[in-house]
Asks: 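This is the structure, below, for whatever I ask next.
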There are 2 protein chains.
Amino acid sequence: MKYKATTIKDIAKALNLSTSTVSRALRDSHEISAATKQVVLEYAARLNFQPNPIALSLKERKSHSIGVIVAEIANSFFSQIINGIESVANEQGYTVIISQSHENFEKEVRTLQYLASRSIDGLLISVSSATNDLQQLKSLHQSGLPIVFVDRSVEDIHTHKVVVDNYQGAYNATIHLLEQGYRRIACVANSEHLNITKERVGGYMAALQQYQLKPDPQMIKYCFHGGMLLHEVETAVSELIKLKPKPDAIFATSDKLTTGCMRMLKRHKIAVPKTIALTGFSNSELIELLHAPITVVQQPAFEMGQVATELLLQLIESKRPVKDFKTIKLQTRLVSPDNK
Amino acid sequence: MKYKATTIKDIAKALNLSTSTVSRALRDSHEISAATKQVVLEYAARLNFQPNPIALSLKERKSHSIGVIVAEIANSFFSQIINGIESVANEQGYTVIISQSHENFEKEVRTLQYLASRSIDGLLISVSSATNDLQQLKSLHQSGLPIVFVDRSVEDIHTHKVVVDNYQGAYNATIHLLEQGYRRIACVANSEHLNITKERVGGYMAALQQYQLKPDPQMIKYCFHGGMLLHEVETAVSELIKLKPKPDAIFATSDKLTTGCMRMLKRHKIAVPKTIALTGFSNSELIELLHAPITVVQQPAFEMGQVATELLLQLIESKRPVKDFKTIKLQTRLVSPDNK
DNA sequence: ATGAAAGCGCTAACAA
DNA sequence: TTGTTAGCGCTTTCAT
């Protein structure tokens with residue numbers, strides 16, 4: 001069964017006017033008499049007329065929708081980003097189409113394909129941890145689709161990027177552990193393909209070096225699916241606790257990994273922080289309720305979403321091709337269980 | 001700058017055919033010669049031709065998109081529902097447009113208005129806890145927009161509904177507390193406007209009565225914004241612990257309330273479950289990591305999303321007006337920290 | 001087997 | 001100030 005709305009044609013017929021007059025009256029064109037405008041406006045209001053956005057899109061060659069691809073909306077970090085995106089997009093009359101890659105490359109490709117076929121006007125993407133082939137993304141970008149990266153970006157594609165200072169965030173977290181006396185600090189990291197992983201591991205290593213500690217490759221574990229598959233984290237943690245001597249602390253580079261490590265340490269009945277301390281990136285709101293309240297690196301997710309969307313809409317609405325791309329780098333915040 | 005795709009016209013011109021022939025060839029019409037089909041199909045494939053969905057929508061008067069309104073995607077329960085929705089919708093070629101009410105009635109109205117104006121083909125909604133006026137929803141429904149309710153439904157609108165057995169879920173949780181010896185069980189509930197609240201409070205009271213306990217109105221606290229505003233929960237919990245004698249357990253009727261109570265009890269330095277036990281509805285994946293692992297009532301969120309979407313698409317694609325509406329009631333699951 | 005033309009709802013260039 | 005017409009990309013009668 002179909003819901004059929006009032007059209008300009010209906011109004012024109014009823015009022016004995018042409019569709020163009022009605023159209024112009026509705027858009028308050030100066031070439032329409034006040035009297036006509038009034039009649040049209042009133043009648044339209046009475047029928048609760050809404051211009052058909054699809055017809056508009058066809059005409060303007062613009063869907064007024066933007067696509068968003070993130071790993072998982074169930075992840076607080078991403079849902080906060082999405083809230084930021086929506087706050088700006090809706091304000092400007094754009095619809096947001098959210099899709100999830102679930103850290104799966106094939107799913108990401110399919111989704112991308114799908115969004116493109118739905119003729120989105122632009123794309124906000126945080127690539128999946130499994131993304132190692134940029135062909136499709138590149139070709140979409142080359143064919144003119146405006147793209148802005150959020151958080152996880154890729155080097156090869158030259159466009160706006162909104163990120164955090166991953167190096168610094170990781171550095172701070174690691175220093176925090178060092179200051180508390182931990183010296184055998186392991187790192188459970190996201191996929192090596194991700195630029196954020198490199199940066200965070202970089203910050204971690206720099207902090208160690210500052211304390212004259214040599215980073216030990218055995219102490220760094222990469223999770224290709226970013227902890228999406230729990231067994232990855234299981235393997236990582238199991239291997240770490242088998243080392244002799246054992247690590248006395250773990251730094252995890254993402255939300256999912258931080259909670260994943262927690263889960264594993266609990267399963268192994270390892271006291272946190274007593275036996276092994278834990279810290280890592282996380283935007284979860286439940287952190288303070290965990291059985292072992294830990295210090296985390298928080299990202300300004302909402303703001304990242306906002307800024308990225310502003311940049312994207314700018315790209316979309318720019319008359320001439322944009323050449324001057326920026327990378328906005330925001331700061332992270334180290335949050336202890338008590339200091340809030 | 002604009003991204004312009006190949007059109008049927010381009011293909012027709014290049015191949016010296018009419019647009020109708022090309023269109024038919026692409027849709028594999030039997031009235032096109034095999035030879036022509038081949039040429040067209042090959043050429044189209046080479047150019048990676050994608051029919052413009054907007055043009056299709058205009059023609060078919062169908063946007064192939066469905067709107068979803070939930071309180072908050074950051075809530076695991078809703079994000080799981082959304083995953084269920086997506087799994088079915090995408091399968092069938094529908095785009096899902098997700099919006100959040102943030103438990104705010106005005107926001108819900110605006111969002112609804114917006115979605116309707118974007119000509120969605122149907123709507124999945126879990127009403128906000130602040131919803132007390134159904135006028136808009138009703139008029140949309142009457143004008144023919146297919147609607148399916150998920151979880152939180154309203155009595156007055158006659159359509160498909162996908163819910164859980166709230167009464168039973170609440171009953172089980174309360175019995176669980178009673179079996180462990182708790183006798184002064186308070187209830188922190190969602191907005192009274194919500195039908196799920198009535199059902200859950202009903203189950204809670206039935207359990208008490210089964211143990212010959214008389215429900216005490218002072219022991220039931222309603223949170224109009226469903227815990228979205230933390231101070232609501234703060235007030236509720238503060239009032240409860242001021243009672244003499246104090247409650248020895250709390251049953252919370254939603255995810256946000258369950259974690260909210262936990263937060264408050266922690267803030268008041270009340271040991272859980274030692275001083276006051278806690279149980280409630282929750283689909284959070286972090287529950288088992290909380291400092292006081294609690295028993296929760298889980299809802300089959302993913303499945304709810306799937307079923308609701310199947311019903312909605314059925315409504316959308318039905319040739320004749322549907323009169324026979326069902327309410328699908330799924331079962332909840334009581335999950336203890338250990339039994340998993 | 002193929003093409004011409006109309007129409008989905010809207011806007012805008014062009015006429016009047 | 002208002003109307004006529006064409007066109008956005010596609011499908012679908014109706015001709016040929």
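Chain identifiers are assigned alphabetically (A, B, ...) following the order of the sequence lines, protein sequences preceding nucleic acid strands; residue numbering begins at 1 within each chain.
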Asks: Rounding to 10 degrees, work out the angle separating the end axes of the helix from dA1(C)-dT16(D) to dA16(C)-dT1(D) (five pairs an end).
Replies: 60°

Asks: Touch check for I8(B), heavy atoms < 4.0 angstrom, all strands: base, sugar-phosphate only, or nothing?
Replies: sugar-phosphate

Asks: Provide, to the nearest angstrom, the distance between the CG atom belonging to L56(B) and the C1' atom belonging to dG7(C).
Replies: 14 Å

Asks: Establish, from distance only, whether the side-chain atoms of Q100(A) and N83(B) form a donor-acceptor pair under 3.5 Å.
Replies: yes

Asks: Take the protein atom CG of L15(B) and the nucleotide atom C1' of dT2(C), then report the distance between them rounded to whole Å.
Replies: 14 Å

Asks: Using atom NZ of K59(A) as one end and atom P of dC10(C) as the other, report the distance to the nearest whole Å.
Replies: 12 Å

Asks: Inspect the surroundings of CD in Q135(A) and state if more than 12 heavy atoms from other residues, nucleotides or ligands are less than 6.0 Å away.
Replies: no

Asks: With a 4.0 Å cutoff (strictly under), does any side-chain N or O of K9(A) reach OP1 or OP2 of dC8(C)?
Replies: yes

Asks: Find the distance between OG1 (T131(A)) and CD1 (I125(A)) and round it off to the nearest 0.5 Å.
Replies: 6.5 Å

Asks: Any side-chain N or O of R61(B) below 4.0 angstrom from OP1/OP2 of dG9(C)?
Replies: yes

Asks: Give the rounded distance in Å between these two atoms: CD1 of I11(B) and P of dT11(D).
Replies: 11 Å

Asks: Between N52(B) and T7(B), is there a side-chain donor-acceptor contact under 3.5 Å, judged purely by atom types and distance?
Replies: no

Asks: Would you confirm whether K161(B), through its side chain, and F325(B), through its main-chain N or O, come within 3.5 Å as a donor-acceptor pair?
Replies: no

Asks: Measure the distance from CD on E60(B) to C1' on dG9(D) and round it to the nearest whole Å.
Replies: 12 Å

Asks: So which of residues 46-54 of chain B are in contact with DNA chain C, with a heavy-atom cut-off of under 4.0 Å?
Replies: none

Asks: What is the distance, to the nearest angstrom, from the CG atom on L58(A) to the C1' atom on dG7(C)?
Replies: 12 Å

Asks: Relative to each other, are the rings of Y94(B) and H64(B) parallel, tilted or perpendicular (30° and 60° limits)?
Replies: tilted

Asks: What's the separation between atom OG1 in T159(B) and atom CD1 in I147(B), rounded to the nearest 0.5 Å?
Replies: 7.0 Å

Asks: Within the 4.5 Å heavy-atom criterion, are R118(A) and S65(A) side-chain neighbours or not?
Replies: no

Asks: Under a 4.0 Å heavy-atom cut-off, which of residues 16-38 of chain B touch DNA chain D?
Replies: S20(B), S23(B), R24(B), R27(B)

Asks: Check S191(B), S129(B), S128(B) against E103(B) for a side chain to side chain donor-acceptor pair (under 3.5 Å) and give me the one that passes.
Replies: S129(B)

Asks: Supply the atom-to-atom distance I66(B) CD1 to T95(B) OG1, rounded to the nearest 0.5 angstrom.
Replies: 9.0 Å

Asks: How long is the straight-line distance from CG of D156(A) back to CG of L137(A), given to the nearest 0.5 Å?
Replies: 10.5 Å

